[in-house]
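Please read the structure below before turning to the comments.
Index from 1, following the sequence.
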Amino acid sequence: MTQHLYAEWTKLRTLTGTGWLLLALVMLTVAVSVAAAAVVSCTSSGCGYDPAKISLFGIQAGQAVVAILAVLAISGEFSTGSEEHRNRIVR
């Protein structure tokens, strides 16, 4: 199991653009959350919005970046044909 985890870690580490996508994930999550919180205005009598839901709105945008990272990781493996080698090792 440790060898498999190390192989996956190596694959993600050596893919081009992985670091930039992770940075984009953090930046997009924070930026969308800040923008969503800045747009909402509350009166002194109260707020009709759920503050936790609004502050976590950037998580949804960040999930799209994670999906892109997953597609890149999987497609990179299939484009090189290394999934056949891995299937022989796992079985």
Students should find that the hydrophobic cluster of L56, defined by side-chain heavy atoms under 4.5 Å apart, otherwise consists of I59
Practice item. Report whether V32 and I68 are members of the same hydrophobic cluster (ILVMFWY, side-chain heavy atoms less than 4.5 Å apart, transitive linking). Key: yes
Here the pair of heavy atoms bringing S33 nearest to S55 is OG-O, 2.9 Å
Exercise. Can you check side chain to side chain contact (heavy atoms under 4.5 Å, CB included) on T29 and L25, steps first, answer last?
Worked result: CA-CA 6 Å; T29 300; L25 168 70; 4.0 Å; yes
side-chain contact (heavy atoms from CB on, under 4.5 Å) filter on V34, not counting sequence neighbours, yields V30
### Query
Any side-chain heavy-atom pair from W20 and L23 closer than 4.5 angstrom?
yes
Sorted by chain and residue number, the side-chain contact (heavy atoms from CB on, under 4.5 Å) partners of T10 (sequence neighbours excluded) come out as Y6, R13, T14
